[in-house]
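What you are looking at is a predicted structure, and each value in this text was computed from that prediction instead of being measured. Sequence positions, counted from 1, serve as the residue numbers for this chain.
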Amino acid sequence: MAFFSVVITAYNQEEYIGSAIESVLSQNLSSLEIVVVNDASSDGTVEIINRYADNDNRVKVVNKGKNQGVHLAIKSGVAETTGKYVLILNGDDELASGALIGLRQELVCNPVDIIQMQVSVPKSKKLPLSVTSEFPKHVNVAVPADSGNGPLKLMCDTSYGPSPSWNFAFQAYDGDLARRAFSTMLDERMDYAEDAYESFVLRSMAESIRTSETGPHYVYFMDRGISGGPISPSNIEVRAGGLKASIEAIKEYAESSNNSEIIACASYFCDRLKMSFLNSVSSYEGDDLESLCNKLVKYFDALSISEALYGISRDKAYELWL
């Protein structure tokens, strides 16, 4: 059994997938397997992946005949893992040098169901420095070691403790836990905010968590994914529809658990997801805000949208006043 299984998902990422795989292979760790899921790419991605698999038996390829989205790609990849711990790596991101060596030393000495990794964000030509420099401060929040329902409460209930990121890729997970969790998840395509749903299900099953004392581990290229760019009339419906579907999936899963604490966490978390998304309207720089909000009404109730707009206008008015 490998100590680490790294699942890499790729769809038309010939520009980046080689660097992603290289960043894992260069970790100088023999007890390692890499499961690369090619989500029916139509560019040169599959040829690059196969070249690595032919040259290194630690690389396993899962080819999908039809594009099914990131959630189902991860689900397929996790099912193929055998490692003691599982990590998820987007095909356009990388692992930092020495990341797995540091994590392995920590996990051998003190095993845990979830260990929160440290994230770094390279500078971007597309995004302002204020965005790329602030993001690590947001996700690299040190959470206290916790057990029981603590892993879920930390993410969902801000009154419980410092809240970690709900991005599923920024943690390493006990392998058996990850495989069990993904086996219970929806067999449906999810195109946006799927990581919030995945994190919720997995944390509801986890019994221990802590923050890594090493790092950085995960190199996140914010400007390469669909969630990294600013909100616009062209992407608002894809994002809003995806978030709504994720919220509904979280609530359905929580209700099926018949666990009052999980149900309460789902309520807290879904409200946070909704308001966090609606507050992102403040980054919109176009002049047709009314049109943008009219599209949002298809997915969220008018009261929530009004509450978000009130908060945005209040904050902007305060900035002008200062």
Can you check whether [Y]'s main-chain N or O pairs, donor with acceptor, with [X]'s side chain at less than 3.5 Å?
{"X": "Arg224", "Y": "Asp92", "answer": "yes"}
{"X": "Asp43", "Y": "Glu14", "answer": "yes"}
{"X": "Ser208", "Y": "Asp113", "answer": "yes"}
{"X": "Asp93", "Y": "Leu89", "answer": "no"}
{"X": "Lys75", "Y": "Met185", "answer": "yes"}
{"X": "Arg203", "Y": "Cys156", "answer": "no"}

Member of Leu154, Val143, Leu202 meeting the side chain to side chain contact (heavy atoms under 4.5 Å, CB included) criterion with Ile114: Leu202
State the [atom1]-[atom2] distance between [X] and [Y], to the nearest 0.5 angstrom.
{"X": "Ile74", "Y": "Asp195", "atom1": "CD1", "atom2": "CG", "result": "8.0 Å"}
{"X": "Ile236", "Y": "Asn294", "atom1": "CD1", "atom2": "CG", "result": "11.5 Å"}
{"X": "Gln68", "Y": "Ser76", "atom1": "CD", "atom2": "OG", "result": "6.5 Å"}
{"X": "Ile48", "Y": "Tyr52", "atom1": "CD1", "atom2": "OH", "result": "7.5 Å"}
{"X": "Ile101", "Y": "Gln27", "atom1": "CD1", "atom2": "CD", "result": "7.0 Å"}
{"X": "Ile209", "Y": "Gln116", "atom1": "CD1", "atom2": "CD", "result": "6.0 Å"}

Does this structure show an ion pair linking [X] with [Y], if we count only N-O contacts that are shorter than 4.0 Å?
{"X": "Glu261", "Y": "Lys153", "answer": "yes"}
{"X": "Arg179", "Y": "Asp176", "answer": "yes"}
{"X": "Arg180", "Y": "Asp174", "answer": "no"}

Among side-chain atoms of [X] and [Y], is any donor-acceptor pair under 3.5 angstrom?
{"X": "Glu33", "Y": "Ser5", "result": "yes"}
{"X": "Ser42", "Y": "Tyr11", "result": "no"}
{"X": "Ser41", "Y": "Gln13", "result": "no"}
{"X": "Tyr160", "Y": "Asp146", "result": "yes"}
{"X": "Ser163", "Y": "Arg272", "result": "yes"}
{"X": "Arg189", "Y": "Asn67", "result": "yes"}
{"X": "Ser246", "Y": "Glu194", "result": "no"}

So which heavy atom on [X] is nearest to which on [Y], and how close?
{"X": "Ala73", "Y": "Thr9", "answer": "CB-CG2, 3.9 Å"}
{"X": "Glu94", "Y": "Ser23", "answer": "CA-OG, 3.6 Å"}
{"X": "Asn279", "Y": "Ile312", "answer": "O-CD1, 3.9 Å"}
{"X": "Ile305", "Y": "Phe300", "answer": "CD1-O, 3.8 Å"}
{"X": "Ala10", "Y": "Ile49", "answer": "CB-CD1, 4.4 Å"}
{"X": "Met155", "Y": "Ser199", "answer": "SD-CB, 3.7 Å"}

Would you say [X] and [Y] are hydrophobically clustered, going by side-chain heavy atoms of ILVMFWY under 4.5 Å?
{"X": "Leu186", "Y": "Leu273", "answer": "yes"}
{"X": "Met205", "Y": "Ile250", "answer": "yes"}
{"X": "Val6", "Y": "Val108", "answer": "yes"}
{"X": "Val297", "Y": "Leu303", "answer": "no"}
{"X": "Tyr268", "Y": "Phe277", "answer": "no"}

Can you pull out every salt bridge (Lys or Arg N to Asp or Glu O under 4.0 Å) where at least one residue sits in residues 119-135? Sequence neighbours excluded, please. Glu134-Lys137
If we only count heavy atoms from C-beta on, is the [X] to [Y] side-chain gap below 4.5 Å?
{"X": "Pro164", "Y": "Val141", "value": "no"}
{"X": "Val70", "Y": "Met190", "value": "no"}
{"X": "Pro151", "Y": "Ser204", "value": "no"}
{"X": "Thr211", "Y": "Ile115", "value": "no"}
{"X": "Val46", "Y": "Val61", "value": "no"}
{"X": "Glu106", "Y": "Arg210", "value": "yes"}

Do Tyr197 and Tyr253 make the cut of ring centroids closer than 6.0 angstrom? no
Are Phe269 and Trp166 an aromatic pair, judged by ring center distance below 6.0 Å? yes
Take Ile8 and Ile88, measure what side chain to side chain contact (heavy atoms under 4.5 Å, CB included) needs, and give me the verdict at the end. CA-CA 6 Å; Ile8 304 177; Ile88 308 299; over 6 Å; no
Let's go through Val35 and Thr81 carefully: what are the C-alpha distance in whole Å and the side-chain angles of both, what is the deciding distance for side chain to side chain contact (heavy atoms under 4.5 Å, CB included) to 0.1 Å, and is it a yes or a no? CA-CA 7 Å; Val35 180; Thr81 63; 4.1 Å; yes
From the options His217, Gln171, Gln118, select the one residue that forms a side chain to side chain donor-acceptor pair (under 3.5 Å) with Ser212. His217
Give the C-alpha distance, both sets of side-chain angles, the deciding distance and a yes or no for side chain to side chain contact (heavy atoms under 4.5 Å, CB included) between Leu107 and Lys84. CA-CA 10 Å; Leu107 291 168; Lys84 185 173 178 60; over 6 Å; no
Across all chains, not counting sequence neighbours, the side chain to side chain contact (heavy atoms under 4.5 Å, CB included) partners of Phe170 are Val119, Phe135, Val139, Ser165, Asn167, Tyr218, Tyr220
Please state whether the rings of Tyr85 and Phe3 are parallel, tilted or perpendicular, taking 30° and 60° as the class boundaries. tilted
Once the angle between the rings of Tyr173 and Phe168 is folded into 0 to 90°, is it parallel (under 30°), tilted (30 to 60°) or perpendicular (over 60°)? parallel
Does the pair Cys265 and Asp157 meet the rule for a side chain to side chain contact (heavy atoms under 4.5 Å, CB included), with working shown? CA-CA 7 Å; Cys265 283; Asp157 186 356; 5.5 Å; no
[X], [atom1]: over 12 other non-hydrogen atoms inside 6.0 angstrom:
{"X": "Lys60", "atom1": "NZ", "answer": "yes"}
{"X": "Glu207", "atom1": "CD", "answer": "no"}
{"X": "Glu47", "atom1": "CD", "answer": "yes"}
{"X": "Glu252", "atom1": "CD", "answer": "no"}

Using side chain to side chain donor-acceptor pair (under 3.5 Å) as the criterion, list what pairs up with His71, not counting sequence neighbours. Glu198
